[in-house]
*Asks:* 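Have a look at the structure that comes next, please.
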Amino acid sequence: MARKVGILTGGGDCPGLNAVIRAVSKSLILQNNIKVIGFEDGFDGLIFRKTVDLTYDAVSGILQTGGTILGTSNKANPFRHAIEKNGKLEYVDKSKEVLAYIEELQLEALVCIGGDGTMAISKQMIEMGVPIVGVPKTIDNDIFHTDMTFGYDTAVTIAAEAIDRIHTTAQSHHRIMLVEVMGRYAGWLTLAAGIAGGADIILLPEIDYNLDVVCDRCLERSRKGRRFSIIAVSEGAKPINGNRVVSRVIKDSPDQIRLGGIAIKLGNDIEDQTGLETRATVLGHLQRGGSPTPFDRILATRYGVAAAELVGKRQYNEMVALRGNEIVSVPIRDVGGKTRTVPLDSPLIHTAEAVGTSMGI
Ligand code: F6P
């Protein structure tokens, strides 16, 4: 009987998901004659039995497209499925039904493309006996045991271009311009975009900023005749002894907190303290939209082919990863539910500081 494998995309979308779906499917079909079934909307596809046949033709022409042809969800979780009863949310365990469905479909394994949340759910499914191969996705670049996730390079490119554009209007109006960058509790995206965009100040979730230091740097630049400053600030940044700014709480999401708004708060604080005029731009979901960069298309394709090769060898319960320039694989159980933040001794922080960029301390 022909081998059959399922594939899903979980968590927030990011550029390069389609490139992975294409690479996994084409490679499995061409190299191993394995049939591929896609599940729609992440783990919801397994709960609600929503599938699509990923034939060779179905995955053709999607390499360069943004989003995911399968749809995704950062709420779907077979172990904690939210249902509304009398206006209240209740959680039920659907994992046994999902397991029965996988058996019914005669699937040999699942390829789960996602971030730390998806890997955490994958780990639980592995414990129930479902063979899984993971592929690390996120613009945040915060997944353990991989040097880089696909989607990150595209988001860095978008954020750096935004900082470039903010530069010209900042110069013209002699303003302090704040650009808020996504990344949750990890500052990789802000750090890279800030360096690439030549930000004067870079504020990360990993380093609580000192408002006086930030204000002094802006004033110092003004005194020296540079009458504008660019601040790249992570959505997860916070002042010493202060709190992160929460934009919303999503009750039925495993990770309920959504960050956002620190650029507006900090802009007001700087204006109050220095009298300098500020404006804030929150880049938001722009950073996840559109076509992946060539780098991400290549990385996503390498990941997809490597994931298919693991399936081909029946080497399950591992996530493909990048170490240096090599594609390797690591146990999924070591990845899920953890956040890889920027270490304080990161060479990238050193690089930023060496060219005079302030890290806000
Ligand atoms: O994890 C990716 C990410 O874009 C984060 O950078 C951001 O904090 C979060 O997802 C936003 O989530 P949502 O799409 O649910 O608003």
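Start at 1 and go down the list; that is how both ligands and their atoms are numbered.
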*Asks:* Quick one: do Arg49 and Phe39 satisfy side chain to side chain contact (heavy atoms under 4.5 Å, CB included)? Show the steps, please.
*Replies:* CA-CA 8 Å; Arg49 300 179 165 233; Phe39 290 97; over 6 Å; no
*Asks:* Return yes or no for this condition: an N or O of Gly183 is under 3.5 Å from an N or O of ligand 1.
*Replies:*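 Between Gly183 and ligand 1 (N or O atoms, distance only) the closest approach is under 3.5 Å.
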*Asks:* Does NZ or CZ of Arg80 lie under 6.0 Å from the centre of the six-membered ring of Tyr91, at an angle within 45° of the ring axis?
*Replies:*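 Yes; both conditions hold, so Arg80 lies above the ring face of Tyr91.
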*Asks:* Measuring from the heavy atoms of Gln287, does anything fall under 4.0 Å of ligand 1?
*Replies:*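 Gln287: no contact with ligand 1 (<4.0 Å).
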*Asks:* Nearest protein heavy atom to atom 11 (C) of ligand 1, by residue and atom, and its distance?
*Replies:*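 Protein heavy atom with the smallest distance to atom 11 (C) of ligand 1: Arg288 NH1, 3.7 Å.
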*Asks:* Does some non-hydrogen atom of Gly12 fall short of 4.0 Å from ligand 1?
*Replies:*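 No, Gly12 has no heavy atom closer than 4.0 Å to ligand 1.
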*Asks:* Identify, for atom 7 (C) of ligand 1, the protein heavy atom at the shortest distance, and state residue, atom and that distance.
*Replies:*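 Here the closest protein heavy atom is Glu235 OE2, 3.4 Å.
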*Asks:* Are the side chain of Asn141 and the backbone N or O of Trp188 linked by a donor-acceptor pair below 3.5 Å?
*Replies:*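 No, the answer is negative, given that no donor and acceptor are paired below the 3.5 Å cut-off.
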*Asks:* Say whether Asp140 and ligand 1 are in contact under the criterion: heavy-atom distance to a ligand atom below 4.0 Å.
*Replies:*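 For ligand 1, residue contact (heavy atoms, under 4.0 Å) with Asp140 is present.
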*Asks:* Determine, for Tyr56 and Lys26, whether the Lys NZ or Arg CZ falls below 6.0 Å from the six-membered ring centre while staying within 45 degrees of the axis.
*Replies:*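 That pair qualifies as a cation-pi contact.
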*Asks:* Heavy atom under 4.0 Å from ligand 1: found in Asn74's side chain, backbone, both, or neither?
*Replies:*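 The answer is the side chain.
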*Asks:* Please tabulate, for the side chains in residues 248-255, all donor-acceptor contacts under 3.5 angstrom to protein atoms that are two or more places apart in sequence or on a different chain.
*Replies:*
unit_1	atom_1	unit_2	atom_2	d
Ser253	OG	Asp255	O	3.1
Ser253	OG	Arg258	NH2	3.3
Asp255	OD2	Arg184	NH1	2.6

*Asks:* Using modelled atom types and a 3.5 Å cut-off, is there a donor and acceptor pairing between side-chain atoms of Asp13 and backbone atoms of Thr68?
*Replies:*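 Here the side-chain-to-backbone pair does not exist.
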*Asks:* Might you work through the salt bridge (charged side-chain N to carboxylate O under 4.0 Å, His left out) test for Glu277 and Arg279, ending with a clear yes or no?
*Replies:* CA-CA 7 Å; Glu277 193 178 14; Arg279 290 287 188 277; 3.1 Å; yes
*Asks:* Looking only at protein heavy atoms, which one is nearest to atom 13 (P) of ligand 1, and how far off is it?
*Replies:*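 Result: Arg258 NE, 3.4 Å.
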*Asks:* Pick, from Lys75, Arg184, His285, the option with the minimum heavy-atom distance to atom 16 (O) of ligand 1.
*Replies:*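 Looking at heavy atoms only, His285 sits closest to atom 16 (O) of ligand 1.
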